Student: 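Sharing a structure below in C-alpha cells format, with a few things to ask.
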Amino acid sequence: MKKILISENSEKANAFLSELENIYLASVSTVYIKIQALGVEIPSKKFLFDVIRGDMKALQAKYEDLIKPDIETFKSPIAQAQTKKAFDERMDEIRKTVEALFFSEKEISNRRLNDKYFEQFIDIDESGKPYISDETIASIEESFKEYIDSAEGEKVYNMQQSAAKALDDFLGALYKAKLEHGINLAPKLFLMKHFNLVEEKGRYRVSAEPMDYNSND
C-alpha cells in the first residue's frame, strides 16, 4: 500500500534542524577547533565523540606523543616539568569546554547534549571537521512527516476527502443560489447551521437541517 502523506510538520522539522545546527553542531565544532589547536589530528568520528563524551584517553595519548619531543629538548627537570604543566593546562581547557557545553542543563527536544542520540546526525570530513550532510537533513525532514499507513486509515482519509469535496460543492451551490446567509460573518458555524449530529443506535449520524431553499431574489 502506498503511504499517504498527511502532514510534513515542516515547522517542527525546521525547528529541530535549527537547534541541531546552532546548538549541537556549534558545540561539537568548538571542541573540534580546540583539538586542532593542540596540533592533534582527528582520525575518526569515534575519536572526536569519545572526547565529547568525556573520554580523553585517546586524545591524551596522541597529545603526549606529540609533545614528548618538545619536553625532551629541555635538559633541566624543572624546565621539563614547567613545559609539561603548560601542555597539561591546554588539555584541562578541553575538559572544561566539554563539561560546559555537553554536561550542562542545555537540551534539544528534551535531550541533554551529551545524549548519544545526537551523534547519528553528525559526520566528519577528511580533516575531522564536523558537519551535517544533506542526506541527514533529508532524513530528519522525512522523520517528521506523518503518513497514513493502514488500509482502514486510508479508507477513512478517502471518505473524508470525498465528504469535504461534497461539502465544498454544497457551499458553492449556496453562494450560487445566494442562500449563504451569514456564512461570511460566522463561517465556522456553517456545519452547525446546515447539519445535525443525531445519536442513533449507539452511534452518531449526520442529518441535513432543513432550510429555506428559495433565493431571496
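Because the structure is predicted, anything quoted here is derived from the model rather than measured.
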Student: Does the pair Lys145/Glu142 count as a salt bridge with the N-to-O cut at 4.0 Å?
Tutor: yes

Student: Are Ile94 and Ile33 grouped together when hydrophobic residues (ILVMFWY) are joined by side-chain heavy atoms under 4.5 angstrom apart?
Tutor: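 Shared cluster, yes.
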
Student: Could you pull out the closest heavy-atom pair between Gly153 and Ile148, with the gap in Å?
Tutor: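 Nearest pair, atom of Gly153 first, then Ile148: C-CG2, 3.4 Å.
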
Student: Should Asp92 and Lys96 count as an ion pair when the cut-off is N to O under 4.0 Å?
Tutor: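 Salt bridge flag = no for Lys96 with Asp92.
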
Student: Taking the side chain as every heavy atom from C-beta outward, state whether Phe118 and Ser109 have any atom pair closer than 4.5 Å.
Tutor: no

Student: Between atom CG of Asp125 and atom OH of Tyr32, what is the distance when rounded to the nearest 0.5 Å?
Tutor: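 OH of Tyr32 is found 6.0 Å from CG of Asp125.
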
Student: Examine the side chains of Ser10 and Asn14 and answer whether a donor and an acceptor come within less than 3.5 Å of each other.
Tutor: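 Note: Ser10 and Asn14 side chains miss the donor-acceptor criterion.
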
Student: A quick test of your reading: do over 12 heavy atoms of other residues, nucleotides or ligands sit less than 6.0 Å from NZ of Lys155?
Tutor: no

Student: Do you reckon Leu171 sits in the same ILVMFWY cluster as Leu167, going by side-chain contacts under 4.5 Å, direct or chained?
Tutor: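 Yes, Leu171 and Leu167 fall within the same hydrophobic cluster.
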
Student: Any donor and acceptor pair, going by atom type alone, linking the side chain of Asn158 with main-chain N or O of Glu154 inside 3.5 Å?
Tutor: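 Yes; judged by distance alone, with no hydrogens or angles, the pair exists.
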
Student: With heavy-atom distances below 4.5 Å as the criterion, would you say the side chains of Phe49 and Arg53 are in contact?
Tutor: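 When only atoms from C-beta onward are counted, Arg53 and Phe49 do touch, with a gap below 4.5 Å.
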
Student: Transitively linked via ILVMFWY side-chain contacts under 4.5 Å: Val206 with Leu174?
Tutor: yes

Student: Considering non-hydrogen atoms only, spot the tightest contact between Leu5 and Glu146 and give its length.
Tutor: CD1-O, 3.5 Å

Student: Looking at side-chain heavy atoms only, is the closest gap between Ile52 and Glu119 below 4.5 Å?
Tutor: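 No, every pair of side-chain atoms sits at 4.5 Å or beyond.
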
Student: For a 4.5 angstrom cut-off between non-hydrogen side-chain atoms, does Asp123 reach Ile132?
Tutor: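 Heavy-atom side-chain distance check fails, nothing below 4.5 Å.
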
Student: Which heavy-atom pair separates Phe121 from Leu20 by the least distance, and what is that distance?
Tutor: CB-CD2, 3.7 Å

Student: Does Ser143 reach the main-chain N or O of Ile140 with its side chain, forming a donor-acceptor pair under 3.5 Å?
Tutor: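 Such a contact is found between Ser143 side chain and Ile140 backbone.
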
Student: At what distance, to the nearest 0.5 angstrom, does NZ of Lys129 lie from CD1 of Ile42?
Tutor: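 Rounded to the nearest 0.5 Å, the NZ-CD1 separation comes out at 11.5 Å.
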
Student: Whether Lys3 engages the ring of Tyr147 as a cation-pi pair (distance to the six-membered ring centre under 6.0 angstrom, angle to the ring normal within 45°) should be assessed.
Tutor: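 Yes, a cation-pi geometry holds between Lys3 and Tyr147.
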
Student: How long is the gap from CE on Met56 to CG on Asp50, to the nearest 0.5 Å?
Tutor: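 Going from CE on Met56 over to CG on Asp50, the span is 10.0 Å.
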
Student: Indicate, with yes or no, if Met192 and Phe170 share a hydrophobic cluster defined by side-chain heavy-atom contacts under 4.5 Å among Ile, Leu, Val, Met, Phe, Trp and Tyr.
Tutor: no

Student: Taking the side chain as every heavy atom from C-beta outward, state whether Lys34 and Val98 have any atom pair closer than 4.5 Å.
Tutor: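 Of all side-chain heavy-atom pairs linking Val98 with Lys34, none is under 4.5 Å.
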
Student: Counting distance only, does the side-chain N/O of Thr97 pair as donor-acceptor with the main-chain N or O of Glu93 below 3.5 Å?
Tutor: yes

Student: When rounded to the nearest 0.5 angstrom, what distance separates CZ in Phe144 from NZ in Lys12?
Tutor: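 It comes to 8.0 Å.
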
Student: Taking the side chain as everything from C-beta on, heavy atoms only, tell me whether Val31 gets closer than 4.5 Å to Ile35.
Tutor: yes

Student: Between Glu105 and Arg112 (salt bridge meaning N to carboxylate O under 4.0 Å), is one present in this structure?
Tutor: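 The answer is yes: the pair qualifies as a salt bridge.
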
Student: Nearest 0.5 Å, what's the CG-OG distance between Asn114 and Ser104?
Tutor: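 Between Asn114 CG and Ser104 OG, I get 8.5 Å after rounding to 0.5 Å.
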
Student: Near Gln120 CD, under 6.0 Å, is it more than 12 heavy atoms from other residues, nucleotides or ligands?
Tutor: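 Enclosed.
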
Student: Quick one: are Phe195 and Glu209 in side-chain contact, heavy atoms under 4.5 Å?
Tutor: no

Student: For Ser207 versus Val198, what's the shortest heavy-atom pair and its separation?
Tutor: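 Taking Ser207 first and Val198 second, the nearest heavy atoms are OG-CG2, 3.5 Å.
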
Student: Tell me the closest heavy-atom pair linking Leu66 and Leu38, and the distance in Å.
Tutor: CD2-O, 3.2 Å

Student: Compare every heavy atom of Ile122 with every heavy atom of Lys45, then report the nearest pair and how far apart it is.
Tutor: NZ-O, 2.6 Å

Student: Under a 4.5 Å side-chain heavy-atom rule over Ile, Leu, Val, Met, Phe, Trp and Tyr, are Tyr204 and Leu191 clustered together?
Tutor: yes

Student: Within this structure, what is the CD-NZ distance for the pair Glu19 and Lys106, rounded to the nearest 0.5 Å?
Tutor: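 Atom-to-atom, Glu19:CD and Lys106:NZ are 10.5 Å apart.
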
Student: Could you tell me whether the side chain of Leu59 reaches within less than 4.5 Å of the side chain of Met91, counting heavy atoms only?
Tutor: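 Side chain of Met91 against side chain of Leu59, heavy atoms only: contact under 4.5 Å found.
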
